[in-house]
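Read through the structure below, which is laid out as C-alpha cells, and then see the notes.
Note that the structure is a prediction, hence the values are computed from the model and not measured.
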Amino acid sequence: MRIALAQLNPTIGDLAGNRRLVEEAAAKAAAAGAELVVFPEMALTGYPPMDLLERRGFVEDQLRELEALTPASRRIAIALGAVLPCEPHGGKRLQNAAVLLAGGRRAAHQAKTLLPTYDVFDENRYFAPARTRAPIELGGASLGLTVCEDGWTERIPYDVDPTGELSRQGVCLVLNLSASPWHVGKPRERREMFAALARRHGVPIAFANQVGGNDELVFDGGSFLVDAGGRIRASLPLFEPALECVDLDAPSLSLAPEGVAEPTGAAQLEAGLVLGIRDYFRKQSLPPGAVIGLSGGVDSAVTAHLAALALGPDRVLGVLMPGPFSSPHSIDDALALGRHLGIETRTVDIRPIYERYLEVFGSLLGRRDDYGLAQQNIQSRIRGAVLMAVSNAERRLVLATGNKSELSIGYCTLYGDTVGGIAVLGDVYKRDVYALARHANRAGERIPAHTIAKPPSAELAPGQLDEDDLPPYPVLDAVLEQAIEGGLGADSIDPPAGADRELVRQIVRRLDGNEYKRRQSPLVLRTSRKAFGSGRRLPIVQRYDRDG
C-alpha cells in the first residue's frame with residue numbers, strides 16, 4: 001500500500017476552511033499515487049476546540065463538512081479526526097474519533113480510548129471513551145485506527161493498550177491521528193516512544209500530527225511512519241504543513257529515531273516561538289502588527305527579533321521610553337537593535353509624566369524623598385500605558401517581553417511590563433533568552449553584542465541591577481526548573497552551586513506567592529513541559545507549605 005501523511009495547520013472553528021485544506025491535500029496525495037491519506041486528530045474542528053464543542057450547532061456543522069468530504073474519498077481513502085455523536089455514556093454524548101472515508105462514504109470509525117486530563121488536556125470534560133477496539137478493512141488490508149493518547153502507553157501506565165489490542169487482532173498497520181502539542185525536545189521523544197511501541201507489538205505505525213499555533217499551544221507536526229522494527233521510514237518537517245507519500249513494501253528512508261535531523265536547543269525554540277507568534281496574528285487577522293517596548297535589554301531585543309521573523313520587520317514597531325534612570329547605552333542599544341532588525345522605532349521621553357506623578361504622590365501620600373517600590377513601578381506603568389495607547393490608536397498588539405524567570409517570582413509590574421496580548425518569552429527561562437540572543441546572531445549581529453554582555457537591569461532606580469533583588473539567574477533558573485517542571489518542594493530540590501537550602505526555600509515561597517500576578521498576565525506561549533497557563537492550575541489563596 002502507498003500511503004500519504006498530511007500534517008495540516010487548521011484554524012479552530014474554521015470548519016469549511018479546514019475541510020478545504022483536507023480536500024487540497026487529499027487531491028495532492030491522490031495525484032502522487034497514494035491509496036490512503038492520513039490526517040491529524042480533529043482535522044475539521046482544529047484542536048483544541050474546548051467549549052466550542054458545547055455551542056449549539058458546532059458539532060452538527062462539522063458533521064456537514066465531514067459529509068462534504070466524502071466525494072473526495074472516491075479517488076483516495078481518507079483517514080481523519082472528527083467529533084462524532086454517541087450514545088450517552090457517563091454524561092458525555094460525543095466521541096473524539098478517527099474516521100475512514102472511502103468509496104464516497106463514511107466507511108468506518110474508531111473512537112479514542114484514552115482521554116488525557118493532565119497538563120493542558122481536558123478531554124474527559126467533553127468525550128466518552130471507546131469501549132472496544134477493532135480492525136477496519138481497506139482494499140484487503142487490515143488497519144488499526146488510534147487517536148493521539150492511544151499511542152502513549154509506552155510512557156503512561158494505562159490499563160488499556162489500544163495498539164497492542166489491534167496488533168493481536170492482526171492489523172498490518174496502525175494509524176495514529178494526533179494533535180500533540182510541542183515543547184522543546186518533544187519531536188524526538190515521540191519518535192523514540194512510537195518506535196518502541198512498534199517494536200514491542202511488531203506492527204508499523206503511521207503518526208500524523210497537527211502543525212500550527214492555537215492560543216498558548218504550538219503544534220510542531222513532525223509526522224512520521226515507523227516500521228515494525230522501530231525504524232523511521234518517512235519523516236515530515238517540523239513547524240510547517242507538509243505531505244509525504246511512502247510505499248510500505250518498497251525500500252525507503254530507514255533511520256533510527258535519533259537519526260532524524262531536527263533543529264535542537266535554541267534553534268528549535270526559535271522556530272516554535274516564531275510559529276506561535278505568526279499564527280496568533282494570522283488566525284485572528286490582527287492588522288497591522290505588533291508594538292514592543294524596547295529597553296535596550298535582552299528580553300525586549302529577543303522578543304523584537306522573534307516578532308520580526310514571524311510577522312516581517314515592516315509589521316513591528318519598537319517604542320523606546322527612556323526615563324530618569326535610563327542609561328545612555330540602553331537607548332543606543334535599542335536604536336541599534338531597530339536598525340539591525342529593520343523595524344520602525346519611536347522614542348517617548350517619560351520623564352515629564354513621571355515628574356507629574358511624583359507631584360501627585362506628594363499630595364496623596366505626603367512629601368518624601370523616596371516612595372520606594374511605588375516610585376519604581378510607576379515608571380513601568382507609564383510605559384505600559386504608552387504602549388496601550390499605541391495599540392488602541394494604531395490597532396497594534398502589544399507583545400509583553402518578560403521571561404519565565406521573572407514571571408515565576410513576580411519580578412514584574414502589574415499593568416506595567418505585563419501589559420499585552422501575548423507573553424512571547426513567558427515560558428523561556430533567562431538562560432534560554434540569552435541562548436536565543438546568541439542564536440539570533442549566528443549569521444551576523446541582529447541583537448547588539450552589548451545588550452547580551454551587560455548585566456541585566458530594570459533601570460527603575462539609580463544603579464539598579466537585577467541581582468540586587470534576585471539570585472544570579474543561573475541559580476534562580478536551576479531552582480525554578482526543579483520546582484516547576486519537576487514539581488518538587490524546597491526540601492526535595494537539589495541546591496545548585498551558589499545556593500543553600502534557605503535560598504531555595506525563599507525562591508519557592510516567591511514562586512508560590514505570585515500566582516495572582518500570573519493570573520493577570522498575558523497568554524504565555526508554551527515551550528516547556530510545564531508552562532504557566534492551562535497546564536498549571538494552582539489556587540491563588542492557599543496555605544500549603546511546599547518546603548517538604
Steps toward side chain to side chain contact (heavy atoms under 4.5 Å, CB included) verdict (Trp152, Leu114): CA-CA 9 Å; Trp152 282 77; Leu114 305 176; over 6 Å; no
Donor-acceptor contact present, side-chain [X] to main-chain [Y], <3.5 Å:
X: Asp247; Y: Asp249; value: no
X: Glu216; Y: Leu525; value: no
X: Arg446; Y: Ala437; value: no
X: Gln482; Y: Ala478; value: yes
X: Arg19; Y: Leu44; value: no
X: Asn176; Y: Asp150; value: no
X: Asn18; Y: Asp14; value: yes
X: Asp227; Y: Pro204; value: no
X: Glu270; Y: Ala440; value: no
X: Glu406; Y: Gly402; value: no

Derivation of the salt bridge (charged side-chain N to carboxylate O under 4.0 Å, His left out) call for Glu189 and Arg529: CA-CA 12 Å; Glu189 177 186 351; Arg529 293 177 182 274; 3.1 Å; yes
Side chains of [X] and [Y]: donor-acceptor distance under 3.5 Å anywhere?
X: Ser223; Y: Gln7; result: yes
X: Arg106; Y: Thr70; result: no
X: Ser73; Y: Arg105; result: no
X: Gln95; Y: His109; result: no
X: Asp279; Y: Asn9; result: yes
X: Asp122; Y: Thr117; result: no
X: Asp161; Y: His201; result: yes
X: Tyr158; Y: Glu149; result: yes
X: Gln110; Y: Thr146; result: no

I'd like to know whether [atom1] of [X] has more than 12 heavy-atom contacts from other residues, nucleotides or ligands below 6.0 angstrom.
X: Lys28; atom1: NZ; result: no
X: Glu60; atom1: CD; result: yes
X: Arg537; atom1: CZ; result: yes
X: Arg56; atom1: CZ; result: no
X: Arg93; atom1: CZ; result: no

Going by an N to O cut-off under 4.0 Å, is there a salt bridge joining [X] and [Y]?
X: Asp119; Y: Arg526; value: yes
X: Asp299; Y: Lys430; value: yes
X: Lys186; Y: Glu262; value: no

I need the [X] [atom1] to [Y] [atom2] distance, nearest 0.5 Å.
X: Cys148; Y: Glu41; atom1: SG; atom2: CD; value: 4.5 Å
X: Asn96; Y: Lys112; atom1: CG; atom2: NZ; value: 5.0 Å
X: Leu15; Y: Arg20; atom1: CG; atom2: CZ; value: 10.5 Å
X: Arg55; Y: Met50; atom1: CZ; atom2: CE; value: 11.0 Å
X: Asn209; Y: Leu236; atom1: CG; atom2: CG; value: 10.5 Å
X: Tyr473; Y: Asn403; atom1: OH; atom2: CG; value: 6.0 Å

Check against side chain to side chain contact (heavy atoms under 4.5 Å, CB included), Leu36 and Leu138: CA-CA 9 Å; Leu36 168 67; Leu138 178 67; 4.1 Å; yes
Contacts of Glu24 that satisfy salt bridge (Lys or Arg N to Asp or Glu O under 4.0 Å) - sequence neighbours left out: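 Checked Glu24 against salt bridge (Lys or Arg N to Asp or Glu O under 4.0 Å); zero matches.
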Evaluation steps, salt bridge (charged side-chain N to carboxylate O under 4.0 Å, His left out), between Arg199 and Glu154: CA-CA 11 Å; Arg199 283 194 302 270; Glu154 289 293 297; over 6 Å; no
Working for salt bridge (charged side-chain N to carboxylate O under 4.0 Å, His left out), residues Glu258 and Arg191: CA-CA 8 Å; Glu258 64 273 14; Arg191 288 195 302 271; over 6 Å; no
Candidate list Asp494, Val475, Val479, Leu488, test side-chain contact (heavy atoms from CB on, under 4.5 Å), partner Val504, passing option: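 So, applying the side-chain contact (heavy atoms from CB on, under 4.5 Å) to Val504 and each of Asp494, Val475, Val479, Leu488, only Val479 qualifies.
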Any side-chain heavy-atom pair from [X] and [Y] closer than 4.5 angstrom?
X: Glu54; Y: Asp51; answer: yes
X: Leu476; Y: Ile409; answer: yes
X: Leu177; Y: Pro40; answer: no

Closest approach of [X] and [Y], non-hydrogen atoms and distance?
X: Cys245; Y: Ala32; value: SG-CB, 3.7 Å
X: Pro48; Y: Phe219; value: CD-CZ, 4.4 Å
X: Ile3; Y: Ala206; value: CD1-CB, 4.0 Å
X: Ala25; Y: Leu243; value: O-CD1, 3.3 Å
X: Gly221; Y: Arg190; value: O-NH1, 4.1 Å
X: Ala30; Y: Ile76; value: N-CD1, 3.7 Å

Gln268/Trp182 under side chain to side chain contact (heavy atoms under 4.5 Å, CB included): CA gap, chis, key distance, verdict: CA-CA 10 Å; Gln268 190 176 125; Trp182 165 81; 2.9 Å; yes
Leu8 and Val211: CA distance, side-chain angles, deciding distance, side chain to side chain contact (heavy atoms under 4.5 Å, CB included) verdict: CA-CA 6 Å; Leu8 302 184; Val211 67; 5.7 Å; no
Steps toward salt bridge (charged side-chain N to carboxylate O under 4.0 Å, His left out) verdict (Glu481, Lys530): CA-CA 9 Å; Glu481 187 170 36; Lys530 188 61 67 175; over 6 Å; no
Ring geometry between Tyr47 and Phe121 (parallel below 30°, tilted from 30 to 60°, perpendicular above 60°):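 Rings of Phe121 and Tyr47: tilted, as their planes differ by 30° to 60°.
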Ring-face cation of Lys92 near Phe127 (centre distance under 6.0 Å, axis angle within 45°):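 No, cation not above the ring by the 6.0 Å, 45° rule.
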